[in-house]
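Following: one structure in structure tokens, then a few remarks.
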Amino acid sequence: MATAGKRGHCQSAGDPLDCFDMADPVQASSERKSLEDREKMTDLERLRHSAAHVMAAAVVRLWPTARLDIGPATEEGFYYDFDLPDHRFTPEDFPAIEAEMKKIVRENHRFEKAVRTRDEARELFAGRGETFKIERLNDIPEAEPISTYQSGEFVDLCAGPHVMRTGNVKAFKLLRVAAAYYRGDEKNQQLQRLYGTAFPNQAELEAWLKMQEEAKRRDHRKLGAEMSLFVFDAEYTGPGLPLWLPAGTVLIEELEKLAKESEFEAGYLRVRTPHLAREKMYRTSGHLPYYAESMYPPMELADASQAAGGGGPDPAAQAGGIASDRYYLKAMNCPHHHRIFAAEPRSYRDMPMRLAEYGTCYRFEQSGELFGLMRVRSMQMNDAHIYCSPEQFPQEFDAVNAMYLKYFKIFGLEKYVMRFSTHDPSRLGQKFVDEAELWKRTEEMVRRVLQESGIHYVEVPNEAAFYGPKIDVQVWSAIGREFTIATNQVDFAVPARFGLAYRDRDNTDKTPMCIHRAPLGTHERFIGFLIEHYAGNFPLWLAPEQVRVLPVTSDQVGYAEEIVRELRAQFVRAGLEFSHDKLPGRIQRAEEAKVHTMLIVGAREQSEGMVAVRRHGQGNQGARPRTEAVAEILRAIRDRRD
RNA sequence: GCCAGUUUAGCUCAGUGGUAGAGCAACGGUUUUGUAAACCGUGGGUCGGGGGUUCGAAUCCCUCAACUGGCUCCA
């Protein structure tokens, strides 16, 4: 993993694998900003960076032994890293720090820039015991000037820029305390990081805080519990292993229905594979030994001759002198699909061969990385592998792309970026498989497809997978969280590892290319995203409870039951509620449960064969003939409209 | 895995060393109901698990776990 860059995945030279890693949070980069970047800093970033100085100054006043590292602006505010062995920050310290910050703001110091020689700066920080600053000083390229900023008694090694005076830092708030490894490397010591945010004025700060509150309301973990979609039962099931409740299972099955329909239309063949496989599978794929740590530990069958049955023990294990047989829970489906491809002789007439499966994978994510449904240890992937010839590739890739766009339209996803990761020619044969021509051609094809479909994409050099370029789809949930929700990868290398081949027209064996694709990602992350995207107000086709019929009095129960029967006969998820509550109470509960459509039937409706339609969140839509209302519901479900 | 915080009834939360509480939900009954909460009653908790201090622990201490916020990681 040493060659892996800061933020990508599948980029290490040791990784010849598919990798549907769905996580890719945006992280504040700990890399140095160039001088040009600094000039581009927005006013808000200047303000926040200045606020970081004010906070650091306050901390040093309160804890004079604190040593400073760095304090940049981030997307939501700023942080500053401290080394302070004799005190651990807790949120209880915030009022004192904020009070001291206010004092510094009132003192209204100028941010005074001073350009210094290296030796002067070194001496200055050595005198203050600021060892991190001296190390950071050594990072600054020879050509760049060294500058410090002073506000009051506080001096920091800093290239700026800042606001004019501490008095300009008007509205700020400390947010949280966290640990952070020095230089972002877990081999280094941990520093204490204080996060805060700052805005030009109090009103904007408060608006932002309010937005954060709103975000919490649509958090998928909260809504998932409220709507009984899933639970985590760590004590019995295990951390990161969700149990899908009936309502959540509806979402899964509707998504699978969508996927199966689109994949059927697009000529995919469905396959099914077990949740585990022998060690040899992952040794051949290359996952072992590099990634064993990210997989659940193997199940070891001590008596191999007995365990192995007809096949005998794993020869590789025997060769190593181990008379045992190991099975691993699968962390990805591709090796299994490769073996399916290899199961029978293949002809060019079979190509392209598109093997699809909602495969369940298990990844032993570190405990601290688990995050609701977004980062779990068991996941069901909208997986498929397309085996094709290089000639067939553009068309296949284009079709995959079209499927992505189809899905985005269905879900009303307007804000997304495709992140196109390409190779670096200078690293062919090391980080990237040594196929210069294939790289060039494939990347050009991919680029052209992206451009022609008018998709918004960014190209990221040097972040491709070992075996080919890839596209990650990044989306934002309605609350502004960014996720990699889907991925589409080109693979020229792994089919060869498995010895995959097809007989071509010229009667020679050729190795196929492979496209790994998962436009709906995993159920877990995709549904987590959808919950936030819709704030739990699912469109009719997805809504766990689509229709609830509410008779006004017991006299209409029979009529209501008739309507429910009619709907259920058409596979509409409809129910009836008649309880001791008055109508407004039952409406309230249906609204709270986010039931998509309520059909209210009283004496008036019954006598005229009507229903009064009420849409969740939209109030009373008025009475309509029952047949018309039912037909409209069926149409909307069929068209996957809201 | 690391740092910090949190963990009390199904849910939201109150309870700072002296008999575990409220609202909602659940259940039972009354009410026959017209577009976001009718009324009355009942049951429900080993206060995350374990250990310790104390006459006495939800409350103080230790430890383990899960979750949350970050960091690292992310095949």
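Chain letters run A, B, ... following the sequence lines, proteins first and then strands; every chain starts at 1.
Nearest-nucleotide assignment on RNA chain B puts the 5′-proximal partner with A:E592, out of A:E592 and A:E76. With RNA chain B read from its 5' end, the first of the two nearest nucleotides for A:Q588 and A:A234 is the one closest to A:Q588.
Summarising the base pairing, B:U32 is matched to no nucleotide, lacking a Watson-Crick or G-U wobble pair whose two defining distances lie under 3.5 Å. Nucleotide B:G17 is matched to nothing when pairs are restricted to Watson-Crick or G-U wobble geometry with both distances under 3.5 angstrom. The partner of B:G41 is B:C27, by the rule that a Watson-Crick or G-U pair needs both atom distances under 3.5 Å. Across all strands shown, B:U6 forms a Watson-Crick or G-U wobble pair, both distances under 3.5 Å, with B:A66. Of the nucleotides present, B:U12 is the one that pairs with B:A22 by Watson-Crick or G-U wobble criteria, both distances under 3.5 Å.
Judged by distance alone, the side chain of A:R624 and the main-chain N or O of A:V630 form no donor-acceptor pair under 3.5 Å.
Rounded to a whole Å, the CZ atom of A:R615 is 17 Å from the C1' atom of B:A36. The distance from atom CZ of A:R375 to atom P of B:U72 is 12 Å, rounded to the nearest whole Å. Rounding to whole angstrom units, CG of residue A:D233 and P of B:G48 are separated by 17 Å. A:L370 has its CG atom 14 Å from the C1' atom of B:G69, to the nearest Å. Per the geometry, CD belonging to A:E577 stands 9 Å off P belonging to B:A26, to the nearest Å. Separating the CZ atom of A:F232 from the C1' atom of B:G48 is a distance of 18 Å, rounded to the nearest angstrom. Between the P atom of B:C67 and the NZ atom of A:K216 lies a distance of 19 Å, rounded to the nearest Å. B:G49 atom P lies 13 Å from atom OH of A:Y236, rounded to whole Å.
At a threshold of 4.0 angstrom between heavy atoms, the contacts of A:G372 are confined to the sugar-phosphate backbone, with no base atom among them.
Taking the C1' atom of each, B:A14 and B:A20 are spaced 11 Å apart, rounded to whole Å. Spacing of C1' atoms, B:U42 relative to B:G5, comes out at 38 Å, to the nearest Å. Of the C1' atoms belonging to B:G48 and B:U59, the separation is 16 Å, rounded to the nearest Å. Taking the P atoms as reference points, B:C27 lies 31 Å from B:G15, given to the whole Å. Distance noted for atom C1' between B:A22 and B:C60: 27 Å (whole Å). Nucleotides B:G45 and B:U7 have their C1' atoms positioned 14 Å apart, rounded to a whole Å. The P atoms of B:U72 and B:U16 are separated by 39 Å, rounded to the nearest whole Å. A distance of about 30 Å separates the C1' atoms of B:A37 and B:C47, rounded to the whole Å.
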So which protein N/O to nucleotides 2-11 of chain B N/O distances come out below 3.5 Å?
residue : atom : partner : partner atom : Å
B:C2    : O2'  : A:Q190  : OE1          : 2.2
B:C2    : O2'  : A:Q190  : NE2          : 2.8
B:C2    : O2   : A:Q190  : NE2          : 2.9
B:C3    : O4'  : A:Q190  : OE1          : 2.9
B:A4    : OP1  : A:R88   : NE           : 2.8

Protein N or O to nucleotides 28-35 of chain B N or O, pairs below 3.5 Å:
residue : atom : partner : partner atom : Å
B:U30   : O4   : A:H580  : ND1          : 3.4
B:U31   : O4   : A:H580  : ND1          : 2.2
B:U32   : O2   : A:S554  : N            : 2.9
B:U32   : O2   : A:S554  : OG           : 3.2
B:U32   : N3   : A:S554  : OG           : 2.9
B:U33   : O2'  : A:L583  : N            : 3.4
B:U33   : O4   : A:S579  : O            : 3.4
B:G34   : O6   : A:A603  : N            : 2.7
B:G34   : O6   : A:R604  : N            : 3.1
B:G34   : N1   : A:E605  : OE1          : 2.8
B:G34   : N2   : A:R604  : NH2          : 3.4
B:G34   : N2   : A:E605  : OE1          : 3.0
B:G34   : N2   : A:E605  : OE2          : 2.4
B:U35   : O3'  : A:R614  : NH1          : 3.3
B:U35   : O2'  : A:R614  : NH1          : 3.1
B:U35   : O2   : A:R614  : NH1          : 3.3

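Put simply, the side chain of A:E135 reaches to within 4.5 Å of the side chain of A:R183, judged on heavy atoms. Looking at heavy atoms from C-beta onward, A:L373 lies in side-chain contact with A:W244 at the 4.5 angstrom threshold.
Annotation for A:E235: atom CD does not count as buried by contact number, only 12 or fewer foreign heavy atoms lying within 6.0 Å.
Taking the six-membered ring for Trp and thresholds of 30 and 60 degrees, A:W208 and A:F199 have ring planes inclined between 30 and 60 degrees apart.
At a cut-off of 3.5 angstrom, counting only N and O atoms as typed in the model, there is no donor on one side facing an acceptor on the other between the side-chain of A:R193 and the base of B:C71.
Looking at residues two or more places apart in sequence or on another chain, you find a side chain to side chain contact (heavy atoms under 4.5 Å, CB included) between A:T284 and A:K280, A:F498.
Side-chain N/O atoms of A:H596 and A:Q546 include no donor and acceptor closer than 3.5 Å. Side-chain polar atoms of A:E591 and A:H616 form a donor-acceptor pair below 3.5 angstrom.
Between A:E226 and A:K222, at least one side-chain nitrogen of the basic residue sits less than 4.0 Å from a carboxylate oxygen of the acidic one, meeting the salt-bridge criterion.
A cation-pi geometry, defined here as NZ or CZ lying under 6.0 Å from the six-membered ring centre and within 45° of its normal, holds between A:R377 and A:F364.
Residue A:R221 places none of its side-chain N or O atoms closer than 4.0 Å to OP1 or OP2 of B:A66.
Residues A:L583 and A:L550 share a closest heavy-atom pair of CD1-CB, 4.2 Å.
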